[in-house]
Participant: 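First the structure, which I've put down as structure tokens, then a few questions once you've had a look.
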Amino acid sequence: MDCLTSRVIGTGSALPKRILTNGEIEQWVDTSDAWIRERTGIIERRIAGKGESTAELAAMAGRRALEDAEIVAESLDFIIVATFTPSSGMPSDACLVQSALGASRAVCLDINAACSGFLFALQMAHASICAGLAHYILVIGAENISKVVDWKDRGTCILFGDGAGAVVLGASDSFRHGILDFECGSDGERGAVLTMTSRQESKMAYLKMDGQEVFKFAVRKVPEMISVLAERNHLALEEIDWYLLHQANARILGAAAKRLSLSLERFPMNLDRYGNTSAASIPILLDECCKKGIFLEGQKMILAGFGGGLTWGSCLLSW
Ligand code: ACO
């Protein structure tokens with residue numbers, strides 16, 4: 001088969017069992033269910049427990065994506081895990097996934113680009129397939145953010161949740177079904193607005209965020225990169241059927257849709273149930289939409305993430 005591009009051939013996800021509601025958080029910080037719902041759209045999130053480390057969730061999501069793609073783990077050439085909350089410093093979570101799945105041929109590595117991690121990993125996987133270096137790649141976004149959240153900081157602890165999402169990327173001989181383009185970037189000079197100290201710097205590694213600055217950045221950058229992708233590919237925004245955005249805050253999605261003059265119906269959401277799962281949010285959403293059967297063959301969609309770094313990444317594809 002001639003490889004013209006790469007395409008998603010399977011999806012999977014894994015969420016911890018424990019549900020943490022806004023009502024429970026109300027009991028230990030000065031907040032309310034009404035405030036959280038109104039300012040973020042989040043109602044509950046999942047919190048990882050025993051047997052649900054980042055690598056274990058990643059392996060569960062990966063296994064489901066392989067089953068969906070109907071390929072065996074030994075077929076995988078690469079496993080890339082995007083995470084800023086890996087299970088340990090070494091081995092990488094990708095190596096732990098390899099061991100759990102028995103993907104003996106795969107080259108394994110983790111990448112960290114915070115909430116844009118899945119998009120950056122997808123771009124690397126796409127490039128590897130197009131360069132002929134790989135046939136099948138497992139791309140996973142997985143996080144265990146509850147372990148690095150300061151549960152006394154009401155500005156951040158309400159936002160995040162744990163989980164993992166995965167896709168299997170394979171070669172495609174037609175641009176009718178596959179990835180068409182990427183638009184990604186980083187701005188390290190503005191990294192201070194969203195940080196997590198490493199355990200070398202401090203015993204407790206807490207996530208810290210200037211929420212308003214991240215909010216303003218997202219509301220400007222998301223419509224900008226979507227417009228660049230559409231224009232470069234000679235598509236009107238209305239010709240793109242679905243916009244799968246990083247699930248950070250319902251108001252960010254609403255503002256992006258408004259700036260692009262698009263109906264919010266094209267922006268599927270699940271942040272009400274899972275909160276912000278960083279690198280995992282887009283592949284979890286993609287898997288849910290696939291399982292609901294809402295995507296039709298040949299439909300166009302844009303996946304777009306943004307977050308710490310600062311970083312941003314988006315991908316235009318034909319389903
Ligand atoms: N409950 C009640 N009040 C709160 C809470 C809370 N949980 N959090 C903040 N407040 C208060 C503030 O203290 C402030 O009070 P003040 O006016 O008396 O000072 C007031 O609410 C308004 O605070 P803002 O920060 O202006 O609230 P805002 O509407 O901006 O919402 C939020 C805050 C939800 C954090 C928002 O800024 C946001 O979602 N930002 C983006 C975060 C994000 O998307 N991160 C993604 C990247 S994450 C990654 O890459 C790992």
Side-chain angles (χ1 to χ4, degrees), residues 20-45 54 82-86 111-121 141-164 184-188 190-198 205-223 225 245-256 267 269-272 274-282 284-285 304-314:
L20 177 68
T21 64
N22 292 344
E24 287 173 84
I25 299 179
E26 263 179 18
Q27 291 167 23
W28 67 78
V29 288
D30 182 14
T31 188
S32 68
D33 176 44
W35 193 95
I36 302 171
R37 282 183 195 231
E38 193 200 312
R39 306 304 289 170
T40 71
I42 298 165
I43 298 173
E44 59 190 40
R45 70 286 291 143
T54 306
T83 182
F84 78 97
T85 53
I111 66 149
N112 172 0
C115 302
S116 310
F118 178 75
L119 264 305
F120 286 15
E143 304 284 8
N144 200 330
I145 309 175
S146 63
K147 301 290 177 291
V148 298
V149 155
D150 178 354
W151 287 101
K152 292 193 258 357
D153 174 12
R154 68 177 183 173
T156 51
C157 77
I158 57 159
L159 297 173
F160 296 97
D162 303 331
C184 299
S186 310
D187 180 3
R190 295 182 62 211
V193 300
L194 189 46
T195 59
M196 196 184 82
T197 46
S198 79
Y206 279 146
L207 187 148
K208 291 199 177 64
M209 180 177 74
D210 181 338
Q212 283 195 11
E213 279 305 310
V214 178
F215 195 96
K216 280 190 267 176
F217 154 71
V219 165
R220 184 179 54 80
K221 186 51 84 177
V222 170
M225 64 178 162
L245 267 48
H246 169 47
Q247 302 287 293
N249 184 321
R251 284 162 53 226
I252 294 177
L253 273 74
F267 293 69
M269 268 190 233
N270 62 9
L271 60 85
D272 53 330
Y274 306 135
N276 177 349
T277 57
S278 191
S281 88
I282 293 172
I284 292 172
L285 185 64
F306 55 88
L310 294 173
T311 56
W312 57 93
S314 52

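Whatever order the structure lists them in is the order used to number ligands and atoms, beginning at 1.
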Participant: What residue and atom, counting heavy atoms only, is the protein's closest point to atom 41 (C) of ligand 1, and at what distance?
Facilitator: Gly211 O, 3.6 Å

Participant: Could you establish whether Met209 and ligand 1 come within less than 4.0 Å of each other, counting only heavy atoms on the residue side?
Facilitator: yes

Participant: Let me confirm one number: the CD-CE distance from Gln247 to Met269, rounded to the nearest 0.5 Å.
Facilitator: 7.0 Å

Participant: With rounding to the nearest 0.5 Å, note down the distance linking CD1 in Ile282 to CG in Leu119.
Facilitator: 5.0 Å

Participant: Can you list the ligand 1 atoms lying under 4.0 Å from a non-hydrogen atom of Thr40?
Facilitator: 34 (C)

Participant: In the protein, what heavy atom is nearest to atom 43 (C) of ligand 1, and what distance, to one decimal place, separates them?
Facilitator: Val214 CG1, 3.6 Å

Participant: Can you find a pair of side-chain heavy atoms, one from Asn112 and one from Met196, that are under 4.5 Å apart?
Facilitator: no

Participant: Is Ser278 in polar range of ligand 1, meaning some N or O pair under 3.5 Å apart?
Facilitator: no

Participant: Does any N or O atom in Asn249 lie less than 3.5 angstrom from one in ligand 1, N or O only?
Facilitator: yes

Participant: Look at atom 26 (O) of ligand 1 and say which protein heavy atom is nearest, naming residue and atom and giving the distance to 0.1 Å.
Facilitator: Gln212 NE2, 2.4 Å

Participant: I need the nearest protein heavy-atom contact for atom 28 (P) of ligand 1: residue, atom name and distance, please.
Facilitator: Arg39 NH2, 4.1 Å

Participant: Quick one: which of Thr40, Asn276, Leu271 gives a side-chain contact (heavy atoms from CB on, under 4.5 Å) with Asn249?
Facilitator: Thr40

Participant: Among all protein non-hydrogen atoms, which one is nearest to atom 15 (O) of ligand 1, and what is the separation to 0.1 Å?
Facilitator: Arg154 NH2, 4.1 Å

Participant: Return yes when Ile158 approaches ligand 1 closer than 4.0 angstrom through a heavy atom, no otherwise.
Facilitator: yes

Participant: Quick check on contacts: which atoms of ligand 1 are under 4.0 angstrom from a heavy atom of Phe160?
Facilitator: 48 (S)

Participant: N/O to N/O below 3.5 Å, does that happen between Ile252 and ligand 1?
Facilitator: no

Participant: With a 4.0 Å cut-off on heavy atoms, is Gly155 in contact with ligand 1?
Facilitator: yes

Participant: Would Thr31 count as being in polar contact with ligand 1, using the rule that some N or O on each side must be under 3.5 angstrom apart?
Facilitator: yes

Participant: Do the side chain of Glu143 and the main chain of Ala280 share a donor and acceptor less than 3.5 angstrom apart?
Facilitator: no

Participant: Looking only at protein heavy atoms, identify the closest one to atom 51 (C) of ligand 1 and say how far it is in Å.
Facilitator: Cys115 SG, 3.4 Å

Participant: So which protein heavy atom does atom 46 (C) of ligand 1 come closest to, and at what separation?
Facilitator: Asn276 ND2, 3.6 Å

Participant: Would you mind checking which non-hydrogen protein atom is closest to atom 8 (N) of ligand 1, with the distance to 0.1 Å?
Facilitator: Trp35 CH2, 3.4 Å

